[in-house]
Amino acid sequence: MPPEYQSKDYWHARFGHETSFEWLVPSADFLKILDPFLARLPTTARILQLGCGTSDIHCLLRQRGYEHITNMDYEPLAIGRSRDIEHKMFGDSVMSYVVADATDFNLGQTRFDLVIDKSTADAVACTGPAPVISMTKAVKRCLAEDGMWLSLSFSAYRYDHDGMPLSVQVINKIPTPKAKETDPDIFHYCYLLRPMQSEACRRSK
Ligand SMILES: C[S@@+](CC[C@H](N)C(=O)[O-])C[C@H]1O[C@@H](n2cnc3c(N)ncnc32)[C@H](O)[C@@H]1O
């Protein structure tokens with residue numbers, strides 16, 4: 001990713017004209033990866049999307065019955081677009097929209113059952129591992145005890161850092177389309193991040 005992807009000015013300029021765009025994969029493909037996890041989540045679950053941009057994944061989740069969704073982006077134009085997408089699809093907007101920095105946010109007492117991001121950690125990682133670790137710490141603070149973060153990234157090393165406060169596991173590798181058959185295999189990686197002690201609890205149950 002070019003270095004400007006971590007810059008607010010870059011996103012501000014981009015969302016000035018971009019009304020819809022899906023990074024890495026269409027949101028329906030991301031939803032397929034989320035599906036087995038959603039199967040265990042009641043529709044009352046609290047969901048947080050980090051760096052929503054102009055993706056429509058929040059609306060696909062609402063179509064599944066989830067309405068307690070908070071969509072976060074540090075660029076106000078993206079938040080406006082995201083709300084517009086919901087309004088256009090449903091005729092109203094029931095979700096929460098928050099302008100905040102995914103590396104340092106505080107959403108009060110709310111604890112989320114599911115946190116998702118599609119390529120937001122990639123943008124955050126453009127300045128190095130420190131902001132990714134900060135983002136992980138911020139997610140940890142707002143995760144429910146049994147909560148999980150599903151993060152789709154183009155990098156096989158996105159969370160390979162010392163001092164990660166959540167356990168990290170690759171749960172899916174999506175092959176990217178090839179221009180030629182002889183092109184190398186390139187994947188997108190879906191990570192499951194969750195509190196370390198909840199993993200231990202699960203094992204002991
Ligand atoms: C690569 S785009 C992905 C957008 C969307 N998730 C998708 O899949 O199409 C990254 C998004 O993260 C936002 N972003 C980048 N750094 C951020 C940060 N530190 N805090 C909050 N949002 C951030 C950008 O404004 C942009 O909307």
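All values below come from the heavy atoms of this structure, side chains included, with hydrogens, waters and symmetry mates left out. Atoms within a ligand are numbered from 1 in the order they appear, just like the ligands themselves. All values reported here derive from a predicted model rather than from experimental measurement. This chain uses plain numbering: 1 for the first residue, then up along the sequence.
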| query | Any idea which atoms of ligand 1 are less than 4.0 Å away from a heavy-atom of F21? | reply | 9 (O)
| message | Check this for me - ligand 1, A102, N or O atoms closer than 3.5 angstrom, yes or no? | response | yes
| said: So which atom in S27 and which in I57 form the shortest heavy-atom distance, rounded to 0.1 Å? | reply: O-CD1, 3.5 Å
| note | Quick note on ligand 1: atoms under 4.0 Å from a heavy atom of A100 include exactly 20 (N), 21 (C)
| query | Is there a heavy atom of Y5 sitting under 4.0 angstrom from any atom of ligand 1? | reply | no
| message | Show the atoms of ligand 1 that are less than 4.0 angstrom away from any heavy atom in E22. | response | 9 (O)
| note | One finds that the ligand 1 atoms under 4.0 Å from a non-hydrogen atom of G53 are 27 (O)
| Do any N or O atoms from the side chain of E75 and from the backbone of G53 form a donor-acceptor pair under 3.5 angstrom? | no
| Going by distance only, is there an N or O of Y74 that falls short of 3.5 Å from an N or O of ligand 1? | yes
| Hey, does T54 come in under 3.5 Å of ligand 1, counting only N/O atoms on both sides? | no
| task | Using a 4.5 Å cut-off on heavy atoms from C-beta on, say whether the side chain of T110 contacts that of C142. | result | no
| task | Please say whether the positively charged group of R62, taken as NZ for Lys or CZ for Arg, lies over the ring of F90, i.e. under 6.0 angstrom from the six-membered ring centre and within 45 degrees of the axis. | result | yes
| message | Using a strict threshold of under 4.0 Å (side-chain N to carboxylate O), is an ion pair present between K118 and E22? | response | yes
| field | Lys/Arg N to Asp/Glu carboxylate O, D35 vs R64, below 4.0 Å | value | yes
| message | When you compare the side chain of L61 with that of I47, does any pair of heavy atoms fall below 4.5 Å? | response | yes
| field | Atoms of ligand 1, numbered as shown, that sit under 4.0 Å from any heavy atom of V124 | value | 16 (N), 19 (N)
| query | Taking T136 for the side chain and V132 for the main chain, is one N or O donor matched with an acceptor at less than 3.5 Å? | reply | yes
| task | Have a look at P26, S20, G51 and point out the one with the heavy atom closest to atom 6 (N) of ligand 1. | result | G51
| Side chain, backbone, both or neither: P131 near ligand 1, heavy atoms under 4.0 Å | neither
| message | So for D122, does at least one of its heavy atoms come nearer than 4.0 angstrom to any atom of ligand 1? | response | no
| said: What I want to know is whether Q49 and ligand 1 share at least one N or O pair that is separated by under 3.5 angstrom. | reply: no
| Sole residue of M135, R194, K140 in side chain to side chain contact (heavy atoms under 4.5 Å, CB included) with W149 | M135
| message | Show me which atoms of ligand 1 lie under 4.0 Å from any heavy atom of S55. | response | 7 (C), 9 (O)
| said: For Y10, is there any backbone N or O sitting under 3.5 Å from a side-chain donor or acceptor partner on S7? | reply: yes
| field | Option nearest atom 25 (O) of ligand 1 (shortest heavy-atom distance, choices D56, D73, V25) | value | D73
| Do S119 side-chain atoms and W23 backbone N/O form a donor-acceptor pair below 3.5 Å? | no
| field | Closest to atom 2 (S) of ligand 1 among F15, F30, W11, F154 (heavy-atom distance) | value | W11
| remark: ligand 1 to D101, heavy atom cutoff 4.0 Å, flagged ligand atoms 18 (C), 19 (N), 20 (N)
| N/O separation below 3.5 Å, S119 to ligand 1 | no
| note | In terms of heavy-atom contacts, D113 and A45 come closest through OD2-CA, 3.3 Å
| said: Yes or no: does S27 have any heavy atom under 4.0 Å from an atom of ligand 1? | reply: no
